[in-house]
Q: 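Quick one: structure below, then a few questions.
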There are 2 protein chains.
Amino acid sequence: MANIQEVAKEAGVSVATVSRVMNGGAVTPKTKGKVEEVIKRLNYEPSMLGRNLRNSESRLLLVLIPTISNPYYSDIINGIENTVIRQGYNILLCETDSNPERENIYFDMVRKKMADGIISMDPTVNMEELKILAEDHPIIQCSEYSVESGIPFVTIDNEEAAYRAVSHLVNIGRTDIAMINSDVTFLYARQRQLGYQRALEEKGVPFDEGNVYYTNGPSFERGQQAMRKILTDHKDHSAVFAVSDLLAIGALKEAHQLGLRVPEDIAIAGFDKIAFSNMTNPALTTIAQPMYDMGTTSAQMLIDKINGRTVESTMMSHELIIRESTIG
Amino acid sequence: MANIQEVAKEAGVSVATVSRVMNGGAVTPKTKGKVEEVIKRLNYEPSMLGRNLRNSESRLLLVLIPTISNPYYSDIINGIENTVIRQGYNILLCETDSNPERENIYFDMVRKKMADGIISMDPTVNMEELKILAEDHPIIQCSEYSVESGIPFVTIDNEEAAYRAVSHLVNIGRTDIAMINSDVTFLYARQRQLGYQRALEEKGVPFDEGNVYYTNGPSFERGQQAMRKILTDHKDHSAVFAVSDLLAIGALKEAHQLGLRVPEDIAIAGFDKIAFSNMTNPALTTIAQPMYDMGTTSAQMLIDKINGRTVESTMMSHELIIRESTIG
DNA sequence: TCCTGTTTTGTAATCGATTACATTTAAAAT
DNA sequence: ATTTTAAATGTAATCGATTACAAAACAGGA
């Protein structure tokens with residue numbers, strides 16, 4: 001592997017000239033041609049390590065997610081990726097597994113200059129640590145956020161979205177609605193519960209804490225468990241609102257397993273519009289978040305922040321997608 | 001942000017001594033304590049950029065996948081991640097979108113020393129380019145591979161696995177089996193078709209090319225399309241073998257949509273045992289690959305290769321998981 | 001005390017690029 | 001032809017670590 005010195009020597013010029021040829025500096029067409037010929041002949045590829053050290057940047061951005069197995073993140077990541085690649089950056093997908101140790105490895109990468117910034121989408125992130133890190137390094141929150149942290153964020157109006165989903169259930173005549181929530185330590189969980197509550201109270205249905213079933217994270221299995229609990233409680237719910245599609249799909253599976261028809265016996269609505277929400281039978285009513293745009297927006301915000309520009313938190317729009325699981 | 005120079009000056013020692021304190025060299029307990037105090041006080045974090053340049057390594061490994069939205073990869077990636085992190089590496093998840101341009105960006109990262117090696121899981125990878133890259137850089141193929149490339153690989157016996165799945169369908173009395181294959185430019189697709197063929201012929205059912213439905217990639221939508229075609233061809237198939245769970249889940253959805261009962265009217269088997277294969281209704285019969293182990297194995301192979309050790313290609317075991325979609 | 005051998009510490013080169021500044025070369029103006 | 005001005009090129013410092021080698025400090029033995 002040739003380096004810039006060898007190219008310079010072979011072409012009979014200085015390293016500065018080679019560098020200029022590479023980066024579009026002022027060089028005579030003649031020398032440029034000569035150098036380019038040598039570059040091609042020696043198969044020279046400039047080392048990013050040298051350049052990065054000199055420029056004290058890595059052009060690597062971290063994207064923190066709790067797990068890649070939740071398809072919720074895939075479109076957001078797509079948006080991020082397309083945005084940053086166009087500007088000469090790359091992303092490192094960081095799966096924390098909600099493990100503080102793992103998380104710390106990634107924080108360390110930023111501290112040690114191996115990454116230029118972070119987009120955090122991890123609801124389980126250690127906000128204290130993140131806040132401290134944000135004092136010295138560019139960080140953006142996407143989807144899940146904390147206002148008090150002072151770290152810019154991109155999100156949707158969770159409360160309003162949940163309100164709309166639950167209102168829709170009420171409007172099709174299902175007032176007896178159970179809620180499958182995840183963990184109220186997460187802001188989105190609290191916000192969506194508020195929306196659920198508001199929709200019910202507005203229709204004169206008193207809010208009953210007993211109708212909210214909390215799970216330990218938004219996974220398929222937890223959705224199954226919650227649904228089993230709901231059905232064995234024998235409260236005759238005619239609808240279920242789950243705060244995530246994975247939970248809803250789990251609930252759907254369990255309802256079928258226990259011989260119920262969806263939506264005839266029980267309607268189910270999810271949240272997020274992950275790809276799989278359309279693959280179930282019946283297809284799932286859900287809330288669509290502008291995933292891709294949330295990705296591009298947060299990515300651009302991060303790059304702006306890296307470049308010293310000031311950035312503003314953004315609230316994005318959402319949409320209720322009515323499908324088979326709540327029709328009838 | 002303090003650097004090693006400032007720490008050295010502040011502690012009244014040389015940079016060499018600071019480096020030794022950081023990396024466990026020989027230092028007097030007294031100096032060690034003094035330096036550590038300064039490190040803590042100045043909040044010093046050694047820059048990886050400097051170290052990496054000096055050591056000409058990045059300790060970053062690339063993992064090439066066509067798309068993160070295919071959950072097939074998540075467990076493999078988990079295995080890779082756990083293995084490499086323990087050895088001081090990190091992975092960069094690279095989504096190529098089957099786009100040669102994107103792919104080239106990642107290849108460039110290796111050429112430019114921003115990554116130390118590659119685990120390729122992308123069936124659409126440009127094998128010519130990969131082969132050339134492998135001459136100068138450590139590369140391992142996982143799951144999808146090419147023997148002729150000479151690049152070490154980790155895989156399962158696709159032909160045998162498909163043979164078992166199809167034999168199972170025959171054994172439950174369904175000899176009239178359609179196959180939903182992806183693209184035969186992929187080795188796994190050809191191998192699984194061979195297994196399908198062998199299972200049929202062994203039971204005296206002649207192979208009929210007309211019963212194989214090719215799709216443009218293993219996605220849910222393609223599975224739906226293929227199933228629609230199968231059912232409108234009116235050949236009265238009593239079973240479908242799909243080469244991937246996503247295809248099978250699409251087929252399942254379409255069968256339901258068209259009013260068929262699974263497995264009573266038509267049995268469906270998939271391949272890969274992705275998490276969602278258990279969330280459908282009915283749950284999907286499928287082939288389990290030792291995903292996590294494939295991840296750890298290929299990761300260790302890559303690290304071995306980086307360290308100049310010789311590595312051998314590995315064939316891993318698989319398992320037929322019989323579930324509701326083929327019972328009855 | 002002096003010498004030897006070992007351990008600790010420091011000096012300076014190195015990794016591979018970029019870039020400020022100095023110098024040379026070429027073009028334009030007189 | 002000479003001076004002025006602009007463009008091209010080169011020299012060397014720099015980014016922040018590691019490490020070979022040199023030098024200094026210290027211990028033990030005579």
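Just so we're on the same page: letters track the sequence lines, and every chain starts at 1.
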Q: How many Å lie between CD on B:Glu57 and P on C:dG16, as a whole number?
A: 13 Å
Q: Let me know the distance between CG of B:Asn52 and C1' of C:dC15, rounded to the nearest Å.
A: 11 Å
Q: Any base atoms under 4.0 Å from A:Leu53, or only sugar-phosphate, or nothing? Heavy atoms, all strands.
A: base
Q: Could you go through nucleotides 17-21 of chain D and list every protein N or O atom that sits under 3.5 Å from one of its N or O atoms, giving the distance for each pair?
A:
residue	atom	partner	partner atom	Å
D:dA17	OP1	B:Tyr44	OH	2.9
D:dA17	OP1	B:Ser47	N	2.5
D:dA17	OP2	B:Ile4	N	2.4
D:dA17	OP2	B:Tyr44	OH	3.4
D:dA17	O5'	B:Tyr44	OH	3.2
D:dT18	OP1	B:Asn23	ND2	3.0
D:dT18	OP1	B:Arg51	NH2	3.4
D:dT18	OP2	B:Ser19	OG	2.6
D:dT18	OP2	B:Asn23	ND2	3.2
D:dT18	O2	B:Arg54	NH1	2.4

Q: Ignoring backbone atoms, establish whether B:Ser56 has a side-chain N or O less than 4.0 Å from OP1 or OP2 of C:dG16.
A: no
Q: Are B:Thr67 and B:Tyr73 linked by a side-chain donor-acceptor pair shorter than 3.5 Å?
A: no
Q: In Å, rounded to the nearest 0.5 Å, how long is the span from CZ of A:Arg59 to CE of A:Met48?
A: 7.5 Å
Q: Consider side chain to side chain contact (heavy atoms under 4.5 Å, CB included). Of B:Leu130, B:Ile132, B:Ile139, which one does B:Phe107 pass it with?
A: B:Leu130
Q: Rounding to an integer number of Å, can you tell me how far A:Glu6 CD sits from C:dC15 P?
A: 10 Å
Q: Any salt bridge (Lys or Arg N to Asp or Glu O under 4.0 Å) pairs touching residues 20-38 of chain B, not counting sequence neighbours?
A: B:Glu37-B:Arg41
Q: Heavy atoms, side chains only, cut-off 4.5 Å: are B:Met114 and A:Asn52 in contact?
A: yes
Q: Does D:dT9 have its OP1 or OP2 closer than 4.0 Å to a side-chain nitrogen or oxygen of A:Thr31?
A: yes
Q: Check A:Tyr89 against A:Leu60 and note the closest heavy-atom contact, atom names and distance.
A: CD2-N, 4.3 Å
